[in-house]
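Contents: one structure, followed by commentary.
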Amino acid sequence: MAALVRKSCSGLHSSVSRHARFAMVCRSMASKTPVGFIGLGNMGNPMARNLLKHGYPVVAFDVFPEACKDFQDSGAQIVDSPADVAEKADRIITMLPSSANATEVYTGSNGILKKVKKGSLLIDSSTIDPAVSKELAKGVEKMGAVFMDAPVSGGVGAARSGNLTFMVGGVEQEFDAAKELLSCMGANVVYCGAVGTGQAAKICNNMLLAISMIGTSETMNLGIRLGLDPKLLAKILNMSSGRCWSSDTYNPVPGVMEGVPSANNYQGGFGTTLMAKDLGLAQDSATNTKSPTPLGSLAHQIYRVMCAKGYAQKDFSSVFQFLREEEN
């Protein structure tokens, strides 16, 4: 339906006022059609809830029944498979943990491509290998639909508040249609280029994030051992040249900030396993492009060791706790 609406909008007469009125009607009609959402995890759940808050009927699926039950209570329609989502919605957002999960959801025996309608807009907000995004796009295009990669930055807090940053790759002519939905969940929606460039921007961002989080943790630990009060040290860093997101918004030291994972035994947030996965994607891309990333490689090793030492399910800022325990 949304695809047909977009097509009808393109054939208007040249009258500016008439065009504006008709475009408004088109957007209103499109907005009333269901939006599919697949993947109701830590990030997907609040993202989908923001679509509901903006008045979009949501048709959802997740492999975990408890996630579906919780979301159904919020007013969404729950179906049995990704294929069923594609049957009921022609605008679909996916938010999945890995390349393998995304491939299964799109191309599996009960995947989206089994029942996707021509003209559908499929937006993948998972963080996966850019090469996988390109392969999925080829399969989607063969079915007459449109694929865009749109990974996010900002974490669970930004997902809840609707302040995510989306990095979008795909056909530029479809960007406005994607932005209509993504703007309900994010404060920044940035067009990056062809399919795969959104993923490229995301893995570069997360490599820098991991490096800066390790650096912040090392710095805070050293300052504490030198006798500095952690809150005072954080205050000084955040008014000085060492300031970064990891120090001023997501500080890894318990007791320095409220409302962050370090204040809750590193529960919630962005898991160490996921950070290790993203760093692996960055290292694969660095190898493929012959790009030297010595600090990115070391960050990847540190987060892999953390996964093996019991930190896998904790937030990635628990690298501070890991360093403290290592010194003992």
Side-chain angles (χ1 to χ4, degrees), residues 38-47 62-67 70 94-105 125-129 132 151-160 164 199 202-218 220-221 245-246 249-257 259-286 293 295-328:
I38 300 172
L40 301 172
N42 287 341
M43 293 292 291
N45 187 302
M47 289 169 65
D62 192 280
V63 293
F64 294 104
E66 59 272 22
D70 178 55
T94 52
M95 188 61 164
L96 305 159
S98 69
S99 296
N101 295 131
T103 299
E104 176 64 22
V105 162
S125 287
S126 318
T127 300
I128 60 175
D129 189 327
V132 173
V152 305
S153 179
V156 175
R160 289 182 183 136
L164 291 167
Q199 297 295 349
K202 173 60 187 291
I203 62 177
C204 288
N205 177 79
N206 274 22
M207 183 175 74
L208 178 59
L209 175 59
I211 292 168
S212 68
M213 181 57 77
I214 294 169
T216 300
S217 297
E218 290 182 351
M220 293 296 296
N221 187 37
W245 188 85
S246 296
T249 302
Y250 212 80
N251 198 284
V253 181
V256 169
M257 295 182 68
V260 294
S262 62
N264 187 36
N265 194 31
Y266 301 103
Q267 299 303 306
F270 185 63
T272 295
T273 298
L274 293 176
M275 179 56 86
K277 182 261 294 184
D278 288 359
L279 289 168
L281 294 174
Q283 289 307 295
D284 289 343
S285 294
T293 56
L295 292 181
S297 177
L298 183 56
H300 186 212
Q301 292 178 47
I302 290 171
Y303 277 101
R304 287 177 65 191
V305 171
M306 287 175 64
C307 289
K309 291 199 171 185
Y311 290 84
Q313 302 307 314
K314 290 191 174 186
D315 179 75
F316 81 106
S317 63
S318 63
V319 66
F320 173 79
Q321 186 181 58
F322 169 74
L323 292 172
R324 298 276 285 185
E325 290 184 357
E326 284 297 293
E327 70 188 29
N328 294 326

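On a predicted model such as this, the values are computed, not experimentally measured, just so you know. Residue numbers run from 1 in the order of the sequence given.
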Side-chain touch Thr293/His300, heavy atoms, less than 4.5 angstrom: no
Rounded to the nearest 0.5 Å, the CD1 atom of Ile214 sits from the CG atom of Leu298 at a distance of 6.5 Å
Quick one: does any side-chain atom of Asp62 pair with a main-chain N or O of Ala67 as donor and acceptor, under 3.5 Å? no
Considering residues at least two apart in sequence or located in another chain, which fulfil the side-chain hydrogen bond (donor to acceptor under 3.5 Å, both in side chains) criterion with Ser98? Asn101
Measure the spacing between CD1 of Ile203 and CG of Asp129 and express it to the nearest 0.5 Å. 7.0 Å
By side-chain hydrogen bond (donor to acceptor under 3.5 Å, both in side chains), Asn206 pairs with (sequence neighbours left out) Asp278
Could you tell me the separation between the OG atom of Ser217 and the CG atom of Leu323, rounded to the nearest 0.5 Å? 6.0 Å
Rounded to the nearest 0.5 angstrom, the CZ-CZ distance for Phe316 and Phe322 is 15.5 Å
Mind checking whether Met306 and Met275 have side chains closer than 4.5 Å, heavy atoms only? no
So, using side-chain hydrogen bond (donor to acceptor under 3.5 Å, both in side chains) as the criterion, who are the partners of Ser126 when residues are at least two apart? Asp124
Mind checking whether Leu96 and Glu104 have side chains closer than 4.5 Å, heavy atoms only? no
Which residues share a side-chain contact (heavy atoms from CB on, under 4.5 Å) with Pro261, sequence neighbours left out: Tyr250, Asp315, Ser317
Taking the side chain as everything from C-beta on, heavy atoms only, tell me whether Tyr311 gets closer than 4.5 Å to Glu325. yes
Checking side chain to side chain contact (heavy atoms under 4.5 Å, CB included) for the pair Met207/Leu295: CA distance, chi angles, key distance, verdict? CA-CA 9 Å; Met207 183 175 74; Leu295 292 181; over 6 Å; no
Non-neighbouring partners of Lys277 that pass side-chain contact (heavy atoms from CB on, under 4.5 Å), sequence neighbours left out: Thr127, Leu274, Leu281
What do the steps show when you test Phe270 against Met213 for side chain to side chain contact (heavy atoms under 4.5 Å, CB included), and what is the final call? CA-CA 12 Å; Phe270 185 63; Met213 181 57 77; over 6 Å; no
Contacts of type side-chain contact (heavy atoms from CB on, under 4.5 Å), residue Gln313, not counting sequence neighbours: Thr273
Looking only at heavy atoms, which two atoms of Val152 and Lys202 are closest? And how far apart? O-NZ, 2.8 Å
Enumerate the salt bridge (charged side-chain N to carboxylate O under 4.0 Å, His left out) contacts for residues 296-311, please, sequence neighbours excluded, ordered by first and then second residue. Lys309-Glu326
Any heavy-atom pair between the side chains of Val156 and Met43 that's under 4.5 Å? yes
Nearest heavy-atom approach of Ser99 to Ile128 is OG-CB, 3.3 Å
Please give me the minimum heavy-atom distance between Thr272 and Cys307, naming the atom from each residue. CG2-SG, 3.8 Å
For Asp284, check salt bridge (charged side-chain N to carboxylate O under 4.0 Å, His left out) against everything at least two apart and list the hits. none
From Met47 CE over to Asn45 CG, what is the distance, rounded to the nearest 0.5 angstrom? 11.0 Å
Shortest non-hydrogen contact from Thr216 toward Ser246: OG1-CB, 3.5 Å
For a 4.5 angstrom cut-off between non-hydrogen side-chain atoms, does Phe320 reach Asn251? no
Considering residues at least two apart in sequence or located in another chain, which fulfil the side-chain contact (heavy atoms from CB on, under 4.5 Å) criterion with Ser297? Gln283, Gln301
For Ser262, check side-chain hydrogen bond (donor to acceptor under 3.5 Å, both in side chains) against everything at least two apart and list the hits. none
Between OG of Ser125 and CG of Leu164, what distance do you get to the nearest 0.5 Å? 8.5 Å
